[in-house]
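See structure below.
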Amino acid sequence: MDQYLLDAKIKSKGFSLKEYPKRLNMDYSTFYRKKIGISEFDRDEIQFMKYDLDLSIEELDDIFFKD
């Protein structure tokens, strides 16, 4: 999980890091825990962000699936 790349993509789309979790129907603290790796984003959340943030396959892989 590359939290910095995810943050950059959220900001580049004009969203606030504090407000973005609401788009996922998620509390900020839950989003933060998932972003820093304490827990994981589920498939539906990743799929939503793929379309919502217009992520390419490479970006999706870089953000969510590389250590």
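In what follows, every heavy atom counts, from backbone to side chain, and hydrogens, waters and symmetry copies are set aside. Here the structure is a predicted model, which is why all the values come from computation and not from measurement.
When the shell of 6.0 Å around OH of Tyr51 is examined, it contains 12 or fewer heavy atoms from other residues, nucleotides or ligands. Other residues, nucleotides and ligands place no more than 12 heavy atoms under 6.0 Å from the CD atom of Glu40. Within 6.0 Å of NZ on Lys22 lie no more than 12 heavy atoms contributed by other residues, nucleotides or ligands. Around the CZ atom of Phe15, the shell of radius 6.0 Å holds more than 12 heavy atoms that belong to other residues, nucleotides or ligands.
Here the CZ-CG distance, from Arg23 to Asp52, works out to 4.0 Å after rounding to the nearest 0.5 Å. Separation of atoms CZ (Phe64) and NZ (Lys34) is listed at 10.5 Å; rounding is to 0.5 Å. With rounding to the nearest 0.5 Å, the separation of CG in Asp62 from CD1 in Ile57 is 11.5 Å. Taking CD1 from Ile10 and CZ from Phe31, the interatomic distance works out to 4.0 Å, rounded to the nearest 0.5 Å. Rounding to the nearest 0.5 Å places CZ of Phe41 at 8.0 Å from NZ of Lys35. Atom CE of Met49 is separated from atom CG of Leu24 by 5.5 Å, given to the nearest 0.5 angstrom.
Annotation: side chain of Ile36 is not in contact with side chain of Met1 (no heavy-atom distance under 4.5 Å). Between Asp61 and Lys66, some side-chain heavy-atom pair lies under the 4.5 Å cut-off. Residues Thr30 and Arg33 meet the side-chain proximity criterion, which asks for heavy atoms closer than 4.5 Å.
In this structure, Tyr32 is not a member of the same hydrophobic cluster as Tyr20, with clusters built from ILVMFWY side-chain heavy atoms closer than 4.5 Å. Leu60 and Tyr4 are assigned to two separate hydrophobic clusters, defined by single-linkage of ILVMFWY side chains at heavy-atom distances under 4.5 Å. Note on Leu6 and Leu17: same hydrophobic cluster, where clusters join Ile, Leu, Val, Met, Phe, Trp and Tyr whose side-chain heavy atoms are under 4.5 Å apart, directly or indirectly.
Nearest heavy atom pair, residue Ser56 against residue Glu59, reads N-OE1, 2.8 Å.
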